[in-house]
Amino acid sequence: MDFKKVPTILSAEELTDMAFRRASKLSVPPSRFRVKRLEERKVKVVTQAVRGNLSKVLNRFPDLDRLTPFYFELIDALVDIPRLKRALKALHWTINKFTRMEKEYTYKIRISRKEEDIYRYRKEFYGRVASILKQVDGQFEYLAMARERLKKLPNVEDVFTVVVSGAPNVGKSTFIRAVTTARPRVESYPFTTTQILLGYLEVRHKRYQFVDTPGLLDREFRNRNPVERQAVLALKHLADVVLFLFDLSSTCGFPVDEQMNIYREIRESFDVPVVPVVNKADLLEGDEIGGFLKDAGGRVYVCSARERWGLEELIGDILG
């Protein structure tokens with residue numbers, strides 16, 4: 001589902017100006033008969049401009065009635081879906097209204113005998129165009145806002161998916177960049193990832209999807225902010241396996257016990273394998289790693305995404 005394909009939503013004023021400007025470029029004819037033809041063409045050009053713009057928006061907007069659970073909850077966390085549906089219905093209404101108006105005013109102009117009537121009907125049409133677009137301008141504004149929020153959503157594929165999770169700044173983006181073709185921007189401060197990022201890996205002609213999620217804090221899921229909820233939704237709906245990255249160094253800004261609380265909550269809340277991974281091992285002493293492995297119990301992978309070691313065994317094991 002790719003909201004980036006949705007074109008820019010024009011305001012009522014912008015759409016009116018664009019439509020009238022196109023009509024104004026039509027040349028002025030020398031005879032009265034051609035005046036009638038010209039004014040008919042202006043009505044049609046204005047209608048086509050408005051109808052074409054709004055139809056393009058509707059055609060490229062994903063069908064909100066056919067959303068997967070992941071996209072429904074993700075979109076619902078960002079915008080009011082019933083409100084968004086009403087705005088899209090307003091576009092349908094406007095298109096139909098303009099189609100009827102075009103027929104009405106081209107007919108009036110065609111049967112007019114007086115030149116002043118021809119101009120009067122065309123001006124009347126222009127007035128109604130501006131009035132109707134102004135009437136639905138609030139819907140245009142809401143669609144423009146929704147487009148800006150939704151165009152940042154990931155276009156996920158229906159393939160085996162590895163969700164990379166953990167507290168903020170534990171190296172998830174660096175990990176994704178190291179093991180896939182993704183090139184997420186990586187910064188050296190917390191809370192860098194504010195949306196879901198995707199990367200892909202081909203192994204033996206099979207495609208795997210890796211999801212880099214926003215960092216989670218040590219608090220109950222119901223108290224999480226919209227950014228964190230994106231991570232929760234990825235865990236809930238997309239994950240075939242979760243890699244939970246730990247940072248045992250002091251660089252991420254979150255104590256190990258807080259990271260462990262998040263790990264346990266994820267492991268208990270979602271019915272998928274959750275694999276613990278110690279990242280940034282290049283910054284650690286051997287005894288720090290050994291102590292954690294002893295306390296954690298079970299299999300824990302150790303790697304450095306930045307230095308790109310320890311990754312091959314991990315990826316080989318989780319992908320089979």
Side-chain angles (χ1 to χ4, degrees), residues 1-66 75 79-151:
M1 185 165 295
D2 191 357
F3 285 91
K4 297 180 182 67
K5 295 180 179 179
V6 178
T8 301
I9 314 295
L10 300 180
S11 68
E13 183 178 357
E14 290 170 333
L15 192 52
T16 302
D17 290 345
M18 180 269 290
F20 289 173
R21 189 167 56 251
R22 289 187 184 179
S24 69
K25 293 179 180 180
L26 298 174
S27 59
V28 179
S31 70
R32 187 176 66 181
F33 175 73
R34 290 184 179 179
V35 167
K36 181 180 291 189
R37 295 293 298 274
L38 174 64
E39 298 308 299
E40 278 191 60
R41 287 178 61 199
K42 285 182 179 180
V43 169
K44 291 180 179 181
V45 166
V46 168
T47 303
Q48 290 168 0
V50 173
R51 192 167 51 202
N53 180 273
L54 300 184
S55 295
K56 185 179 294 185
V57 173
L58 288 172
N59 291 337
R60 296 187 182 179
F61 221 99
D63 187 347
L64 298 177
D65 291 323
R66 301 180 65 182
I75 292 171
V79 298
D80 182 346
I81 290 181
R83 175 70 178 82
L84 182 57
K85 287 183 177 181
R86 289 197 299 272
L88 292 170
K89 286 182 179 178
L91 266 60
H92 281 289
W93 177 86
T94 305
I95 289 171
N96 293 334
K97 183 71 172 178
F98 272 65
T99 299
R100 293 193 298 269
M101 284 173 52
E102 178 189 7
K103 294 179 180 178
E104 176 186 351
Y105 280 92
T106 53
Y107 176 74
K108 286 182 177 181
I109 292 171
R110 192 176 306 125
I111 66 173
S112 295
R113 296 179 179 275
K114 297 179 181 180
E115 189 169 311
E116 56 265 31
D117 288 339
I118 294 173
Y119 288 125
R120 178 169 60 84
Y121 285 133
R122 193 266 298 163
K123 290 179 181 179
E124 183 180 307
F125 171 77
Y126 274 23
R128 291 186 64 183
V129 166
S131 177
I132 289 171
L133 291 179
K134 186 176 181 180
Q135 179 181 339
V136 294
D137 194 35
Q139 310 291 358
F140 296 159
E141 290 180 2
Y142 192 83
L143 284 172
M145 178 279 294
R147 173 185 177 271
E148 288 304 307
R149 293 185 181 182
L150 299 181
K151 72 179 184 180

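- Nearest heavy-atom pair across Val35 and Tyr119 is CG1-OH, 3.5 Å.
- Judged by distance alone, with hydrogens and angles left aside, the side-chain atoms of Gln139 form no donor-acceptor pair with the main-chain N or O of Val136 at under 3.5 Å.
- Here Tyr105 contributes atom OH and Lys108 contributes atom NZ; the two are 4.5 Å apart, rounded to the nearest 0.5 Å.
- Partners of Arg60 under the salt bridge (charged side-chain N to carboxylate O under 4.0 Å, His left out) rule, at least two apart in sequence or in another chain, do not exist in this structure.
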Decide yes or no on side chain to side chain contact (heavy atoms under 4.5 Å, CB included) for Ile109 and Phe125, but give the supporting numbers first. CA-CA 10 Å; Ile109 292 171; Phe125 171 77; over 6 Å; no
Test side chain to side chain contact (heavy atoms under 4.5 Å, CB included) on Tyr121 and Val43; report intermediate values, then the result. CA-CA 10 Å; Tyr121 285 133; Val43 169; over 6 Å; no
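- Taking the charged nitrogens against the carboxylate oxygens, Glu124 and Arg128 have no contact shorter than 4.0 Å, which rules out a salt bridge.
- Interatomic distance, CG of Leu10 versus CG of Asp17, reported as 10.0 Å (0.5 Å rounding).
- Partner of Glu102 under the salt bridge (charged side-chain N to carboxylate O under 4.0 Å, His left out) criterion, chosen from Arg41, Arg51, Lys44, Arg122: Arg51.
- Residues Leu91 and Phe61 have side chains not in contact (no heavy-atom distance under 4.5 Å, counting atoms from C-beta outward).
- Counting all heavy atoms, side chain and backbone alike, Lys56 lies closest to Pro7 at CG-CG, 3.8 Å.
- When atom types are taken as modelled, the side chain of Lys36 and the backbone of Ser112 share a donor-acceptor pair closer than 3.5 angstrom.
- Thr47 places none of its side-chain heavy atoms less than 4.5 Å from the side chain of Thr106.
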Check step by step if side chain to side chain contact (heavy atoms under 4.5 Å, CB included) holds for Ile132 and Met101. CA-CA 11 Å; Ile132 289 171; Met101 284 173 52; 3.2 Å; yes
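- With contacts defined as side-chain heavy-atom distances shorter than 4.5 Å, the pair Glu40/Ile118 does not qualify.
- Counting only heavy atoms from C-beta outward, the side chains of Leu88 and Lys85 never approach each other to under 4.5 Å.
- Summarising the local packing, NZ of Lys4 is surrounded by more than 12 heavy atoms from other residues, nucleotides or ligands at distances under 6.0 Å.
- With rounding to the nearest 0.5 Å, the separation of CG in Leu58 from CD1 in Ile95 is 5.0 Å.
- Closest heavy-atom contact between Phe140 and Ala12: CD1-N, 3.7 Å.
- Take Ala130 and apply the side chain to side chain contact (heavy atoms under 4.5 Å, CB included) test, not counting sequence neighbours, and it matches Thr16.
- Shown here for Gly138 and Arg83, the closest heavy-atom pair between the two residues is O-NH2, 3.7 Å.
- Remark: Asn96 CG to His92 NE2 distance equals 8.5 Å, nearest 0.5 Å.
- Salt bridge status for Lys42 with Glu39: present, with a side-chain N to carboxylate O gap under 4.0 Å.
- Contact check for Phe98 versus Leu54: no side-chain heavy atoms found under the 4.5 Å cut-off.
- By the 4.5 Å heavy-atom criterion applied to side chains, Val6 and Leu150 are not counted as neighbours.
- Legend: residues meeting side chain to side chain contact (heavy atoms under 4.5 Å, CB included) with Met145, ordered by chain and number and at least two apart, are Val79, Tyr142, Arg149.
- Sparse packing is recorded around CD of Glu13, with 12 or fewer heavy atoms of other residues, nucleotides or ligands lying under 6.0 Å away.
- With salt bridges taken as basic N to acidic carboxylate O contacts below 4.0 Å, none links Lys134 and Asp137.
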